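Working notes for the structure below.
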Amino acid sequence: MTRPAIGHRARTSFGPSAAWPLTLAMVLGNACAGARDVELEQNSFAGARAAMVTDQITRRGVSDLRVLAAMREVPRHLFVPPADQSRAYDDSPLPIGHEQTISQPYIVALMTEIVRPQASDRVLEIGTGSGYQSAVLSRLVGTVYTIEIVEALAREAERRLKDLGYANVTVRAGDGYAGWPERAPFDIIVVTAAPDHVPQPLVEQLARGGRMVIPVGSQYEGQELQLIEKDGSGQIRTRQVTPVRFVPLRRGRG
Ligand code: SAH
């Protein structure tokens with residue numbers, strides 16, 4: 001429909017009116033180039049995320065399809081400082097300020113898989129940091145409650161999660177050692193800073209049938225990732241998963 005009309009105009013007149021569509025096309029073209037750049041950038045991050053999942057995560061044995069999909073979906077580059085965006089999909093932790101780090105993608109995926117997230121689960125995370133682990137969990141469960149001891153990080157993560165639309169995450173500033181008794185019990189507890197012993201309040205706030213993943217030990221003598229499960233009768237079973245290296249769980253008000 002439109003093509004013959006334009007052709008007709010171009011053939012019959014080479015005056016200013018024929019030049020208009022060209023100018024308009026150029027202006028529109030420039031405007032579109034900006035949008036295309038953004039789209040290209042988003043696509044290249046999507047490519048980086050897909051590569052992160054195959055090269056770093058499935059290769060090391062994480063196979064839960066829902067977890068892999070969440071890792072492919074959450075824009076990790078928006079959880080790191082702007083200067084580090086190009087390294088966001090590297091196989092390593094990255095600094096997020098206040099001497100804290102966002103965990104290595106594989107560790108986030110591993111911790112998420114071993115707590116076996118279900119769509120209706122209530123989750124408590126200790127150590128919000130950037131909010132990335134919360135965002136990944138939020139794709140897979142009903143509700144995420146997360147506690148961060150560094151007030152500035154808590155506020156930053158809260159804003160970021162809100163802006164990105166992760167509406168089922170609630171952030172609180174405080175010492176996560178004591179858990180969040182008002183919101184207990186939790187089907188899943190994920191601790192992303194290492195205490196030298198398992199905090200008893202967290203064990204108490206784990207629901208029957210619940211799973212907790214927690215790095216335990218000192219930075220110097222080494223930490224072990226533990227999976228702690230509470231069965232239907234309240235019995236606790238602990239399994240050592242793998243050696244890890246997390247920032248220490250601090251005590252007090254931060
Ligand atoms: N899960 C985070 C990474 C966390 S790094 C992410 O996805 O980005 C560990 C975080 O635990 C740090 O931000 C640190 O400030 C916090 N932390 C340390 N001790 C804590 C405590 N007692 N209660 C709550 N958060 C704590």
Side-chain angles (χ1 to χ4, degrees), residues 49 52 56-57 67 70-71 73-81 84-85 87-115 117 123-141 144-161 164 166 169-181 183 186 188-203 205 212-219 223 225 244-254:
R49 263 197 307 282
M52 170 189 86
Q56 303 169 30
I57 298 175
V67 173
M71 297 297 296
E73 180 191 323
V74 176
R76 184 171 161 95
H77 61 284
L78 300 180
F79 290 81
V80 303
D84 287 324
Q85 283 201 350
R87 295 160 62 206
Y89 299 98
D90 288 2
D91 192 10
S92 62
L94 283 176
I96 53 169
H98 305 271
E99 295 166 23
Q100 304 305 325
T101 55
I102 177 172
S103 307
Q104 180 189 11
Y106 165 64
I107 293 294
V108 174
L110 174 69
M111 291 174 79
T112 308
E113 180 177 63
I114 63 178
V115 291
V123 178
L124 174 67
E125 180 196 26
I126 308 301
T128 316
S130 67
Y132 178 69
Q133 171 83 70
S134 303
V136 170
L137 284 164
S138 81
R139 304 294 75 207
L140 303 165
V141 302
V144 179
Y145 298 94
T146 179
I147 307 177
E148 168 56 53
I149 202 164
V150 178
E151 170 104 33
L153 283 177
R155 297 287 78 94
E156 218 175 286
E158 185 175 42
R159 167 121 308 271
R160 176 179 293 128
L161 289 161
L164 293 173
Y166 297 101
V169 183
T170 308
V171 182
R172 203 189 87 185
D175 181 353
Y177 185 95
W180 196 329
R183 297 281 179 270
F186 301 100
I188 291 174
I189 300 180
V190 173
V191 185
T192 66
D196 59 8
H197 64 275
V198 178
Q200 192 53 31
L202 299 185
V203 176
Q205 290 170 35
M212 165 157 54
V213 64
I214 178 168
V216 185
S218 80
Q219 275 204 311
Q223 305 158 1
L225 196 63
V244 283
R245 204 187 162 102
F246 278 81
V247 297
L249 186 91
R250 292 157 50 175
R251 298 303 319 278
R253 303 195 57 231

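These figures come from a predicted structure and were not determined experimentally. Start at 1 and go down the list; that is how both ligands and their atoms are numbered.
The closest approach between any non-hydrogen atom of Pro195 and ligand 1 is not below 4.0 Å. Remark: distances from the non-hydrogen atoms of Glu125 to ligand 1 include one below 4.0 Å. For the pair Pro248 and ligand 1, a heavy-atom separation below 4.0 Å is found. Ligand 1 does not have Val136 within reach: every non-hydrogen atom of the residue lies 4.0 Å or more from it.
Short contacts between ligand 1 and Val150, defined as distances under 4.0 Å to a heavy atom of the residue, involve ligand atoms 15 (O). Each of the following atoms of ligand 1 lies closer than 4.0 Å to a heavy atom of Gly174: 23 (N), 24 (C). Every atom of ligand 1 is numbered from 1 in the order shown, and the set under 4.0 Å from a heavy atom of Ile102 is 8 (O). Listed by number with element, the atoms of ligand 1 under 4.0 Å from a non-hydrogen atom of Tyr132 are 7 (O). Listed by atom number, the atoms of ligand 1 under 4.0 Å from Val247 heavy atoms are 9 (C). Remark: ligand 1 atoms within the under-4.0 Å shell around heavy atoms of Leu153 are 13 (O). Heavy-atom contacts of Thr128 reach the following atoms of ligand 1: 1 (N), 2 (C), 6 (C), 8 (O) (cutoff under 4.0 Å).
Counting heavy atoms from C-beta outward, Leu225 and Leu110 have side chains that approach closer than 4.5 Å. Here the side chains of Thr146 and Val169 are in contact, with some heavy-atom distance below 4.5 Å. Using a 4.5 Å cut-off on side-chain heavy atoms (C-beta onward), Arg160 and Leu78 make no contact.
The nearest heavy-atom contact from the protein to atom 7 (O) of ligand 1 is Gln133 N, 3.0 Å. Nearest protein heavy-atom contact of atom 17 (N) of ligand 1 is Ile149 CG2, 3.7 Å. Looking only at protein heavy atoms, the nearest one to atom 9 (C) of ligand 1 is Thr192 O, 3.2 Å.
No N or O atom of Ser103 sits closer than 3.5 Å to an N or O atom of ligand 1. Considering backbone and side-chain atoms together, Leu249 places no N or O closer than 3.5 Å to any N or O of ligand 1. Polar contact with ligand 1: present for Glu148 (N/O pair, distance under 3.5 Å). Ligand 1 has a nitrogen or oxygen under 3.5 angstrom from a nitrogen or oxygen of Gly176. Close N/O approach between Ala193 and ligand 1 is not found [any backbone or side-chain N/O within under 3.5 Å]. In terms of polar-atom proximity, Arg250 is counted as a contact of ligand 1, with an N or O under 3.5 Å from an N or O of the ligand. Distances between N or O atoms of Asp175 and those of ligand 1 include at least one value under 3.5 Å.
Side-chain contact annotation: Arg172 with Tyr145, donor-acceptor N/O pair under 3.5 Å absent. Side chain to side chain, Gln133 and Thr112 meet the donor-acceptor criterion of an N or O pair below 3.5 Å.
The aromatic rings of Tyr89 and His77 lie tilted to each other, with the angle between the two planes from 30° to 60°.
The heavy atom nearest to atom 8 (O) of ligand 1, out of those in Gly127, Gly129, Ser130, is found in Ser130.
Contacts with ligand 1 closer than 4.0 Å are made by backbone heavy atoms (N, CA, C, O) of Thr101 only, the side chain lying farther away. At a heavy-atom cutoff of 4.0 Å, ligand 1 is contacted by the side chain of Gln100 but not by its backbone.
Atom CZ of Arg139 sits in a crowded spot, with more than 12 heavy atoms from other residues, nucleotides or ligands closer than 6.0 Å.
The minimum heavy-atom distance between Phe246 and Thr192, with the atom names listed, is CD2-O, 3.1 Å. Nearest heavy-atom pair across Gly176 and Ile126 is O-CD1, 3.5 Å. Contact record, Pro215 with Val191: CD-O, 3.0 Å, taken as the closest heavy-atom pair. The two residues Met52 and Pro105 make their nearest non-hydrogen contact at SD-CB, 3.6 Å. When all heavy atoms of Ile149 and Arg251 are compared, the pair lying nearest together is CD1-C, 4.2 Å. Taking each heavy atom of Ala178 and Pro201 in turn, the nearest pair found is O-CB, 3.8 Å.
Atom-to-atom distance recorded for Ile107:CD1 and Ile102:CD1 is 13.0 Å, nearest 0.5 angstrom.
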